[in-house]
Amino acid sequence: MSFSHLGLSEKVLAAVAATGYTTPTPIQEQAIPHVLARRDVLGIAQTGTGKTAAFVLPMLTMLEKGRARARMPRTLILEPTRELAAQVKENFDKYGAGQKLNVALLIGGVSFGDQDSKLTRGVDVLIATPGRLLDHTERGGLLLTGVELLVIDEADRMLDMGFIPDIERICKLVPFTRQTLFFTATMPPEIRRITETFLHNPEKVEVSRPATTATGVSQFQVSVGREPHEKRETLRRLLRDAKDLQNAIIFCNRKREVALLYKSLQKHGFSVGALHGDMDQSARTAALDQFRKGEIPLLVASDVAARGLDIPAVSHIFNFDVPHHADDYVHRIGRTGRAGRTGTAISIVTPLDFKSIAAIEKLIGQTIPRADGGAPSGESRAAPPSGESRPAREREGSREGSREGSREHSRGGRKPRREREPRRSGGDRNSPPQPQVAAFTPPSAPPASRAPSIGRTPAPQPSQESSEPADHSHLPAFLLRPVRARI
DNA sequence: AAAAAAG
């Protein structure tokens with residue numbers, strides 16, 4: 001199976017080849033020919049399935065002919081969040097490098113004027129979030145009557161976010177005869193209804209979605225009391241003890257909590273970024289960039305980061321707060337274990353969260369093993385602590401690429417288990433000497449007094465005190481904030 | 001109960 005017989009242009013094939021991809025994903029293989037045949041497509045797929053390229057590549061092929069007129073974009077892509085919009089833009093930049101295509105990003109939080117002047121010059125591809133797009137159309141700087149192809153991405157999420165009325169308005173502004181590509185991860189009744197009005201005789205393309213959680217993701221829960229500081233202490237300990245932790249997204253339910261936890265982790269010396277919707281767009285972009293590049297290993301985030309964001313190599317997800325919606329849990333932990341990799345997802349659970357956890361377990365059809373000792377409900381303690389994710393590691397065999405290969409293996413302390421030193425050095429070869437390590441030694445301990453948690457792990461945990469004051473001594477170097485403060 | 005998106 002290769003890209004070459006899907007009907008893509010030479011230029012696009014060359015661009016794909018240049019990125020190193022050789023085999024289309026199922027959604028790409030199924031959708032691309034239909035898109036090129038100018039059919040409407042109903043795509044049921046989540047991010048991580050290669051969905052974005054499934055529309056970007058054929059669009060690039062189709063756009064090779066013709067050119068844009070002022071204020072009249074030829075194609076329009078709607079995304080629920082600014083970050084997703086930016087991510088799609090990057091795809092056009094990557095695959096469309098050889099084409100002199102005008103691609104514009106219309107999102108909130110950034111200069112309106114720049115966007116307007118770009119529209120004036122004419123754009124082939126407009127990628128937008130609904131609010132800012134409507135802002136432009138209402139001010140008259142944008143005409144959608146020339147749109148030949150409309151992409152509605154992450155439709156179910158737009159529904160959750162209350163965007164559907166906006167989408168309906170936008171759909172009235174584009175020609176009835178346009179081609180429409182509609183992507184959604186799920187098919188709730190409301191979404192089914194709008195597909196009937198937005199799409200004309202669509203080709204349905206469905207890829208087996210990991211309806212719940214990817215198989216390569218080891219999930220655990222850790223019980224704590226309800227005091228905020230207990231959760232923070234527990235998180236720090238989990239971060240210190242996690243095995244194979246390369247980077248992690250730490251989800252909170254509220255923006256305020258994101259800000260708070262971010263500050264707390266910073267105070268404790270962690271190299272951490274934050275991401276939520278009340279931050280400046282520039283700060284959002286910067287945080288995400290740094291996290292993607294590996295400059296910052298930890299990202300505290302609201303659910304703005306829960307869906308769709310494509311960060312291929314997230315090793316750990318922490319739910320600092322258990323999401324109240326089971327769906328959100330699935331989306332959050334979907335940020336790890338991507339592209340066949342393995343990952344670990346750990347939820348910090350207070351007594352207030354039992355109902356949510358029950359709902360989550362029901363949805364995903366499995367129980368989430370406890371990584372801690374005392375199960376308040378008087379249950380087992382089963383699982384290995386935190387990042388152990390033993391099954392994942394064994395399955396894995398060898399780590400992907402050498403990229404950051406050095407970081408893992410850092411665990412110390414615990415049982416030696418399977419020497420892998422030889423491979424380690426191999427893996428390090430290409431990476432810069434990484435400070436690191438010795439780190440994950442079972443640090444001078446979890447607040448042993450603190451009941452819950454991982455405290456009782458196989459490893460003998462010296463019971464000392466971890467007094468709130470920053471105790472960096474046991475942090476893996478890469479988790480540490482550089483001395484010279486960055487901002 | 002909260003997040004996101006327009007200001």
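Keep in mind that this is a model prediction, so the values were computed, not measured. Throughout, protein chains are lettered first and strands after them, A, B, ... in sequence-line order, and every chain is numbered starting at 1.
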### Query
Whole Å only: how far is the CZ atom of A:R169 from the C1' atom of B:dA6?
11 Å
### Query
When you look at OH of A:Y21, are more than 12 heavy atoms from neighbouring residues, nucleotides or ligands closer to it than 6.0 Å?
no
### Query
Which nucleotide sits closest to the side chain of A:H324: B:dG7, B:dA4, B:dA1?
B:dA1
### Message
OP1 or OP2 of B:dG7 versus the side-chain N and O atoms of A:R132: is any pair under 4.0 Å?
### Response
yes
### Query
Does A:T129 have a side-chain nitrogen or oxygen under 4.0 Å from the phosphate oxygens OP1 or OP2 of B:dA6?
yes
### Query
For A:R254 and B:dA1, is the shortest distance between a side-chain N/O and OP1 or OP2 below 4.0 Å?
no
### Query
Over how many whole Å does the gap from A:D327 atom CG to B:dA4 atom C1' extend?
15 Å
## Note on the structure
note: A:D278, atom CG; B:dA5, atom P; distance rounded to Å ~ 9 Å
### Query
Does a nitrogen or oxygen in the side chain of A:R256 sit under 4.0 Å from OP1 or OP2 of B:dA2?
no
### Query
Is there a side-chain polar atom (N or O) of A:R284 under 4.0 Å from OP1 or OP2 of B:dA4?
no
### Message
What's A:D166 touching, base or sugar-phosphate or nothing? Going by heavy atoms closer than 4.0 Å.
### Response
nothing
### Task
Please work out if A:G162 contacts a base, only the sugar-phosphate, or nothing of the nucleic acid, heavy-atom cut-off 4.0 Å.
nothing
### Presence of A:S302 side-chain N/O under 4.0 Å of B:dA4 phosphate oxygens OP1/OP2
yes
#### Entry: Atom-pair distance (CG on A:D135; C1' on B:dA5), nearest Å
11 Å
### Message
So that I can tick it off, tell me whether A:R67 and A:D124 are bridged by a salt bridge, with the cut-off set at under 4.0 angstrom between side-chain N and carboxylate O.
### Response
no
### Task
Return the value, rounded to whole Å, for the distance between atom CZ of A:R332 and atom P of B:dA3.
11 Å
### Summary
note: A:L133, atom CG; B:dG7, atom P; distance rounded to Å ~ 12 Å
### Message
From C-beta outward on A:T81, which listed nucleotide comes closest to its side chain: B:dA1, B:dA5, B:dA3?
### Response
B:dA5
## Note on the structure
Separation of B:dA5 atom P from A:R157 atom CZ, nearest Å, is 8 Å
### Pairwise distance NZ(A:K263) to CD(A:Q266) - rounded to 0.5 angstrom
9.0 Å
### Message
Counting only heavy atoms from other residues, nucleotides and ligands, does the tally under 6.0 Å from NZ of A:K362 exceed 12?
### Response
no
### Message
Whole angstroms only, please: what is the CZ-P distance between A:R307 and B:dA5?
### Response
13 Å
### Query
Between A:R178 and A:T180, is any side-chain donor less than 3.5 angstrom from a side-chain acceptor?
yes
